[in-house]
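In what follows, a structure is listed as structure tokens, so that the remarks can point back to it.
Order of listing sets the numbers, starting from 1, for every ligand and every atom in it. None of the values given here were measured: they were computed from a predicted structure.
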Amino acid sequence: MHISGVFNLTPLVFIIKLSAADPGAPIPPTAWSAASKKASDFVSQLDLSEKIGIVSGGYNTPSLPCVGAIGAVKRLGFNGLCLSDGPTGYSRSDGASVFPSGITTAATWDKHLMYERAVALGEEFKAKGAHVHLGPSTGPLGRSARAGRNWESFGPDPYLAGVAMDASVRGIQSRTNTTLDDGTIIEGISSNIDDRTLHELYIWPFANSVHAGTSSIMCAYNRVNGNYSCANSNILQTILKDELAFPGYIVSDWYATHSTADSANTGLDMEMPGNVSALAGPAFFGTPLLEAVNGGMVNQSRLDDMAKRVMAPYFLLGQDQNYPTVDPSSGAVFSVYQYGHGYSLPFTYPEVEARGVRGNHSDIIRQVGAAGTVLLKNKNGALPLKDRMNIGLFGNDVSYPVVGSVFRDIGDSPEGYEMGTLDVGGGSGTVRHTKLVTPLEAIQKRVESTGGRVQMLFDNDIVAGGLFRTIYPTPDACLLFLKAFATEGSDRSSLELQWNATMAVESTAAMCPNTIVVTHGPGVVLMPWADNENVTAILAAHYPGEETGNSIVDILWGATEPSGQLPYTVPRNASDYGAPIVDTVVDEKDPNAWQSDFVEGQMIDYRHFDAYNIDPLYEFGFGLSYTTFEMGDILEVEIVDGPLSPIANISLGMIPGGLQDLWTTCAIVKGQVTNSGDRAGFVVPQLYLSLPQESTPAGTPLKVLRGFEKIFLEPGEGKEVKFELMRRDLSFWDVNEQMWVIPTGAVNFLAGFSSRDIKAETKFSLID
Ligand SMILES: *[C@@H]1O[C@H](CO)[C@@H](O)[C@H](O)[C@H]1NC(C)=O
Ligand SMILES: *[C@@H]1O[C@H](CO)[C@@H](O)[C@H](O)[C@H]1NC(C)=O
Ligand SMILES: *[C@@H]1O[C@H](CO)[C@@H](O)[C@H](O)[C@H]1NC(C)=O
Ligand SMILES: *[C@@H]1O[C@H](CO)[C@@H](O)[C@H](O)[C@H]1NC(C)=O
Ligand SMILES: *[C@@H]1O[C@H](CO)[C@@H](O)[C@H](O)[C@H]1NC(C)=O
Ligand SMILES: *[C@@H]1O[C@H](CO)[C@@H](O)[C@H](O)[C@H]1NC(C)=O
Ligand SMILES: *[C@@H]1O[C@H](CO)[C@@H](O)[C@H](O)[C@H]1NC(C)=O
Ligand SMILES: *[C@@H]1O[C@H](CO)[C@@H](O)[C@H](O)[C@H]1NC(C)=O
Ligand SMILES: *[C@@H]1O[C@H](CO)[C@@H](O)[C@H](O)[C@H]1NC(C)=O
């Protein structure tokens, strides 16, 4: 009936930013109209040059000490806008927190913690005086497991990322244009994606973000189906502004604008960074935009629309009332971070004490860090650890980083540094540490204060060498900490843990029959040693943020029950993972050589493993607890206000996020979970949907996540779990109708504890 072809469409990779004033809280659609009215009134009082200033970074204004700035209009009491990185905390600053990264947050599968983290993040940005938080991130989705920025966003599943985006917000993976010595401009890579994949996979979490009230969205460096994403009418206008009814503004990633009138007319509302003297690059808005308007290439009503879209969130989020000024230390910290002490900039900033904004955020950071740690293996009750043990503490991921408090910026070192723990990735998304509790510090304190002993060995090559001359007696448990670095600006060279990690595990296990491996990494890492008989426990701790030591102690000794679940699949072999990265081309002199064809459609991560029947090492959704759970085999499906029509009721109108009826709860699925062990713990029952292959076009995944809850149960306790499904959750994107459609035929509802551990199953026809 329908054919899903490779259409000429699409984006990929934008950053979403939620304004700092109110992170995560859904904004009622009516609040937008009031804010838009205020923005209209404001814009109507501006002259042409002032309007240009509202939409062009650094235009006619002394720049604020922010990574991006919009100038003030003092006569109207507007002090400008300060835009700051990044998704994991206030970058390049002092007195701010390093939060758990996006992938860690996704691994909690905990909507409440996702929200609380976002609230704390937003508090810090607001207290620093930033109006726009360049985060949270979604878009790359981990299509390629080696992608350098996967850790910043919420993993490869659109539903999980959508829930995480709804509770928080941001992201990117990029490759922009370069110039050869002979002057040939090589265009940025083009992500070539069909319309159905675009909707069901990559746009999905953006729709949640718009629905949640995100005030701005960032377009990316790459091209989408041939056009730069910041000048792509299909993505910016047709999908974001028309189909999703996005009322805020679209801002370019830094230097991702490549044209003036084309960009403005296809939907770009703000260029960043624009005219910033210290970081000068080509500016396409500012003076060129003024000329384009004067020359009739961009009309007045489009310029007014751009300025109104930029101003509406400012009023929507109450930033016109008593908003903190930008922390005066920001310029000096930024300058030292970027250039070192004594560097003479065209502007000088006084070295003043930073405004401390961390409050009690260490509590939520510690909680999310622990909750995002996934217990993958636990043999013979190796964990939790007991008091008075002789602990071996091994590996180069334990101590304070020898490079100091920050992992520096883009391209600094694609492989990272050898010695020191990894709690955050690199690039513009990294955050300077004002505080860092290392695993060394926290574990030593925990063990020594409760009558135990710690023996240490941090050089991975010595561990890998296997002689352990300094270790005696053999520890009761050997904790081996290993890491994999990832950063903006380069992709990982492999999926392996770094620094001789595999040999280090094998050597440790040969000496120590109770070897416990803890990994700090950006997402998927290979574990060829997972089945080693002496590796008794494995914890994937991701990038936990500044309380990393306390978070892991809480899990190791069981003060916090492990409850993380994998937000991606760990393969047995790198070649099991689909969608390779395009990192070489045949003809480097061909301006259009860089093409990334998303021919796999929706088959990424578990959809790929399901489609090709590949046995994963640890599957999407998997994670152990210190107790055990059971699920009843009965699943009840109820239709709300049935019978359902296959498509949304269009007369209910549009809201931010698209047709209102897409967000209506249409079905409720109920099951039963029980704690069958003798210890309290958290369980994450998951609901997957299998749409009928017969009544959907080719390319429908075998199953997709469509619900999850995190539930605490005492030993023996049972509870009902209830999944609410909205219309979009039950539909596929029909490329001919350009509509979400609920298919006819029996839909299979599958509930369980991971994408491969299905405990209950019910077939149900939603449409007669
Ligand atoms: C661009 O920045 C430079 C240096 O800060 C400044 O002198 C100039 O006035 C700016 N131009 C515009 C149009 O804002
Ligand atoms: C990228 O392309 C723009 C024009 O679109 C050009 O002005 C700029 O110099 C190019 N950048 C690089 C690094 O080649
Ligand atoms: C892509 O760019 C070309 C050339 O500027 C333009 O004609 C076309 O409409 C653009 N397509 C989209 C989807 O933006
Ligand atoms: C102004 O330009 C936009 C973008 O090209 C276009 O959609 C719109 O119809 C134009 N409006 C007027 C009044 O010409
Ligand atoms: C942190 O402090 C705020 C008040 O400043 C309070 O509402 C919140 O509950 C505290 N959070 C934690 C985790 O203690
Ligand atoms: C791994 O460790 C072994 C044993 O110390 C050493 O011989 C080897 O060079 C190391 N390999 C790498 C890649 O560092
Ligand atoms: C596991 O430990 C035992 C006892 O120390 C040892 O004999 C055996 O060789 C180890 N196995 C591996 C795979 O290292
Ligand atoms: C992993 O895949 C490679 C390439 O397909 C193959 O040569 C190798 O044997 C595989 N290794 C394992 C452990 O399956
Ligand atoms: C669609 O919504 C309109 C407006 O609420 C309502 O009057 C109408 O009955 C609805 N149609 C269906 C088929 O539910």
Side-chain angles (χ1 to χ4, degrees), residues 40 43 48 51-52 55 227 230-243 246 249-250 259-270 284-285 289-309 377 379-380 382 390 392 394-397 415-419 457-478 480 482-485 492-517 526-538:
S40 285
V43 171
L48 177 57
K51 286 178 193 171
I52 298 286
V55 302
N227 288 39
C230 294
N232 192 311
S233 64
N234 184 53
I235 289 166
L236 304 187
Q237 188 64 48
T238 311
I239 295 184
L240 274 177
K241 290 182 177 175
D242 297 342
E243 187 185 318
F246 171 54
Y249 62 97
I250 297 166
S259 57
T260 301
D262 262 6
S263 298
N265 290 330
T266 48
L268 182 67
D269 300 301
M270 179 195 283
F284 292 94
F285 282 13
L289 181 60
L290 181 68
E291 285 162 4
V293 173
N294 283 332
M297 309 293 288
V298 175
N299 64 39
Q300 281 283 349
S301 54
R302 174 65 190 120
L303 178 63
D304 287 350
D305 177 49
M306 291 159 73
K308 279 180 214 164
R309 283 174 175 273
K377 180 176 181 181
K379 217 172 97 174
N380 312 328
N390 173 6
F394 302 155
N396 66 350
D397 176 51
E415 297 299 316
Y417 52 87
E418 182 164 1
M419 197 54 73
L457 186 50
F458 300 151
D459 186 320
N460 271 21
D461 286 349
I462 296 180
V463 173
L467 290 179
F468 294 100
R469 291 174 204 270
T470 59
I471 303 299
Y472 189 90
T474 303
D476 302 321
C478 298
L480 176 60
L482 299 169
K483 62 184 179 179
F485 184 64
R492 292 160 67 198
S493 55
S494 83
L495 292 178
E496 311 273 349
L497 288 158
Q498 294 168 290
W499 312 107
N500 227 342
T502 295
M503 219 172 159
V505 178
E506 281 160 5
S507 298
T508 304
M511 185 261 308
C512 186
N514 188 19
T515 292
I516 294 162
V517 180
L526 300 181
M527 302 179 175
W529 34 261
D531 296 331
N532 185 305
E533 57 180 330
N534 295 345
V535 172
T536 50
I538 304 172

Return yes when at least one protein heavy atom is under 4.0 Å from atom 9 (O) of ligand 7, and no when none is. no
Under a 4.0 angstrom heavy-atom cut-off, which atoms of ligand 7 come close to Ala510? 14 (O)
Hey, are the side chains of Leu482 and Asp397 touching, using non-hydrogen atoms and a 4.5 Å cut-off? no
Sidechain N-carboxylate O distance under 4.0 Å for Asp304, Arg309: no
Would you check if Leu268 and Phe285 make a side-chain contact, meaning some heavy-atom pair closer than 4.5 Å? yes
Against heavy atoms of Ala464, which atoms of ligand 6 measure under 4.0 Å? 2 (O)
Any nitrogen or oxygen of Glu533, side chain or backbone, less than 3.5 Å from one on ligand 7? yes
For atom 4 (C) of ligand 4, what's the nearest protein heavy-atom neighbour? Residue, atom name and distance, please. Asn265 OD1, 3.6 Å
Just so I know, are the side chains of Gln237 and Asp242 near enough to count as touching, which here means a heavy-atom distance under 4.5 Å? yes
For Met297, is the CE atom crowded, meaning more than 12 foreign heavy atoms sit under 6.0 Å from it? no
Enumerated ligand 7 atoms positioned under 4.0 Å from heavy atoms of Asn532: 13 (C)
Distance filter under 4.0 Å to Asn500 heavy atoms, resulting ligand 6 atoms: 1 (C), 2 (O), 3 (C), 8 (C), 10 (C), 11 (N), 12 (C), 14 (O)
For atom 14 (O) of ligand 6, is there a protein heavy atom at a distance under 4.0 Å? yes
So which protein heavy atom does atom 1 (C) of ligand 7 come closest to, and at what separation? Asn534 ND2, 1.5 Å
Lys/Arg N to Asp/Glu carboxylate O, Lys308 vs Asp305, below 4.0 Å: no
Flag Glu506 as yes when one of its N or O atoms lies below 3.5 Å from any N or O atom of ligand 7, and as no otherwise. no
Identity of the nearest option to atom 5 (O) of ligand 7, non-hydrogen atoms only, from Ala509, Pro513, Gly466: Pro513
Is there side-chain contact between Leu303 and Ile52, with heavy atoms separated by less than 4.5 Å? yes
How far is atom 2 (O) of ligand 4 from the closest protein heavy atom, and which atom is that? Asn299 ND2, 2.4 Å
Atom indices of ligand 6, in the order listed, that fall short of 4.0 Å to a heavy atom of Gly465: 4 (C), 5 (O)
Do Leu497 and Lys483 touch side chain to side chain, with heavy atoms closer than 4.5 Å? no
Between Tyr249 and Met306, is there a side-chain heavy-atom distance shorter than 4.5 Å? no
